[in-house]
Amino acid sequence: SGFFKGTSADQDRRFSDKELKLLKSMKFPPEFDKKVDMRKVNLTVIRPWIAKKVVELVGFEDEVVVEYAMGLLEDKQEPTPDPKKMQINLTGFLTKDTPAFMTALWNLLLEAQSDMTGVPRTFVEEKKEELRRARERDGRAIDERDRRARLDEIRDEDRGERGGRGGRVRGRGRGRGRGRGGFEDDRGSRPRDSGWGSR
């Protein structure tokens with residue numbers, strides 16, 4: 001049967017002939033000569049990459065393209081898909097960006113099948129780098145928090161010292177002022193000697 005349900009044998013044959021002509025006329029990267037056994041690939045990590053890449057290429061989320069690409073990879077009858085045929089089939093959706101998409105995808109699949117976890121090494125390295133950057137951000141945030149806390153402590157200590165010195169100076173000044181003031185008030189409160197004139 002063909003790639004699309006409902007196609008007749010004649011339609012399928014014509015499509016195959018066209019496909020063969022395209023395969024002969026197109027140039028493909030050397031990576032496409034290496035086979036990938038999809039049974040060794042963890043496709044759950046590949047789907048998000050395909051979805052993200054499609055958005056980068058076409059400018060919006062296109063679930064149809066994602067599902068179609070995943071369908072080509074998940075075909076149980078063909079556990080070793082042909083990347084050249086995949087590129088031809090996806091060209092109708094991704095047009096001029098299809099070769100770049102397929103080259104990147106195939107390299108990831110080759111990495112994935114060579115790892116016992118089925119995850120591309122590139123993804124593992126990207127995750128490590130992401131965690132490293134997160135730790136650096138956390139470290140910088142902690143350092144900045146400690147620095148600000150120390151500055152606050154220094155400011156508080158400085159204000160406390162200035163306040164203590166200022167309080168003592170003002171206290172002495174008020175004491176002298178009250179002393180003089182009290183003396184003057186005391187004199188002013190006594191009956192004024194009117195001198196000889198009052199006698």
Side-chain angles (χ1 to χ4, degrees), residues 28-76 79-81 83 86-87 90-91 93-175:
F28 299 97
E31 292 92 335
F32 285 9
D33 293 330
K34 300 174 184 176
K35 291 187 178 295
V36 171
D37 185 347
M38 296 307 302
R39 291 167 295 194
K40 297 179 180 179
V41 177
N42 184 343
L43 280 172
T44 56
V45 300
I46 299 297
R47 176 185 283 272
W49 181 89
I50 290 177
K52 182 181 177 182
K53 199 69 176 177
V54 167
V55 171
E56 288 178 9
L57 296 175
V58 302
F60 56 89
E61 292 183 15
D62 194 331
E63 196 61 26
V64 173
V65 179
V66 175
E67 289 299 329
Y68 184 61
M70 289 300 297
L72 295 174
L73 296 175
E74 293 172 333
D75 189 350
K76 294 289 192 294
T80 55
M86 275 190 70
Q87 180 167 313
L90 288 169
T91 298
F93 300 100
L94 301 176
T95 61
K96 63 181 177 59
D97 296 310
T98 312
F101 171 83
M102 274 306 304
T103 301
L105 173 61
W106 204 250
N107 280 324
L108 289 175
L109 295 176
L110 287 168
E111 286 182 15
Q113 78 165 352
S114 65
D115 192 285
M116 61 181 298
T117 64
V119 176
R121 186 182 67 256
T122 298
F123 288 3
V124 176
E125 294 302 322
E126 286 175 354
K127 191 65 179 176
K128 286 180 181 177
E129 180 62 19
E130 183 184 323
L131 291 172
R132 187 186 65 78
R133 286 197 298 266
R135 283 196 298 270
E136 281 185 358
R137 284 195 300 270
D138 292 343
R140 284 197 295 268
I142 291 170
D143 290 344
E144 178 65 14
R145 186 187 65 197
D146 291 345
R147 187 181 70 83
R148 289 183 179 181
R150 183 58 189 149
L151 283 175
D152 289 342
E153 287 176 10
I154 292 170
R155 290 193 194 102
D156 290 342
E157 290 171 4
D158 190 44
R159 279 197 294 266
E161 288 176 4
R162 283 205 302 267
R165 287 196 300 270
R168 288 193 295 274
V169 170
R170 285 195 298 273
R172 288 195 296 271
R174 283 196 299 272

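Values reported hereafter were calculated over all heavy atoms of this structure, with side chains retained and with hydrogens, waters and symmetry mates removed. Just so it is clear, the structure is predicted and the values come from calculations on it, not from any experiment. Positions are given from 1, in the same order as the sequence printed here.
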Would you compute the distance between atom [atom1] of [X] and atom [atom2] of [Y] and round it to the nearest 0.5 angstrom?
X	Y	atom1	atom2	value
Thr80	Lys35	OG1	NZ	5.0 Å
Leu94	Lys53	CG	NZ	11.0 Å
Leu110	Arg121	CG	CZ	10.5 Å
Leu43	Leu73	CG	CG	6.0 Å

Only counting residues at least two apart or in another chain, list the ones meeting salt bridge (charged side-chain N to carboxylate O under 4.0 Å, His left out) with [X].
X	value
Asp33	Lys84
Glu144	Arg147, Arg148
Asp156	Arg159
Glu157	none

For [X], what residues pass the side-chain hydrogen bond (donor to acceptor under 3.5 Å, both in side chains) criterion, not counting sequence neighbours?
X	value
Asp138	none
Arg47	Glu67
Thr117	Asp115

According to side-chain contact (heavy atoms from CB on, under 4.5 Å), who are the partners of [X], at least two apart in sequence or on a separate chain?
X	answer
Val124	Val119, Lys128
Arg140	Glu136, Arg137
Pro99	Gln87
Ser114	none

Under 4.5 Å between any side-chain heavy atoms of [X] and [Y], yes or no?
X	Y	result
Phe93	Val54	no
Glu129	Glu126	no
Met102	Leu105	yes
Met38	Asp75	no
Val58	Val65	no

Using every non-hydrogen atom in the two residues, find where [X] and [Y] come nearest and quote the distance to one decimal.
X	Y	result
Pro79	Pro81	O-CD, 3.3 Å
Val66	Ala51	CG2-CA, 3.7 Å
Phe123	Val45	CE2-O, 3.2 Å

- Item | side-chain hydrogen bond (donor to acceptor under 3.5 Å, both in side chains): pairs with one or both residues in residues 101-113, sequence neighbours excluded |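 For residues 101-113, and leaving out neighbouring residues, the side-chain hydrogen bond (donor to acceptor under 3.5 Å, both in side chains) pairs sorted by first residue read Glu111-Thr122.
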- Is it true that Arg150 and Glu153 make a salt bridge, defined as a side-chain N closer than 4.0 Å to a carboxylate O?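 Yes, charged N to carboxylate O under 4.0 Å.
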- Decide, yes or no, whether a salt bridge links Glu130 with Arg133 under the criterion of side-chain N to carboxylate O below 4.0 Å.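 Answer for the salt bridge query: no.
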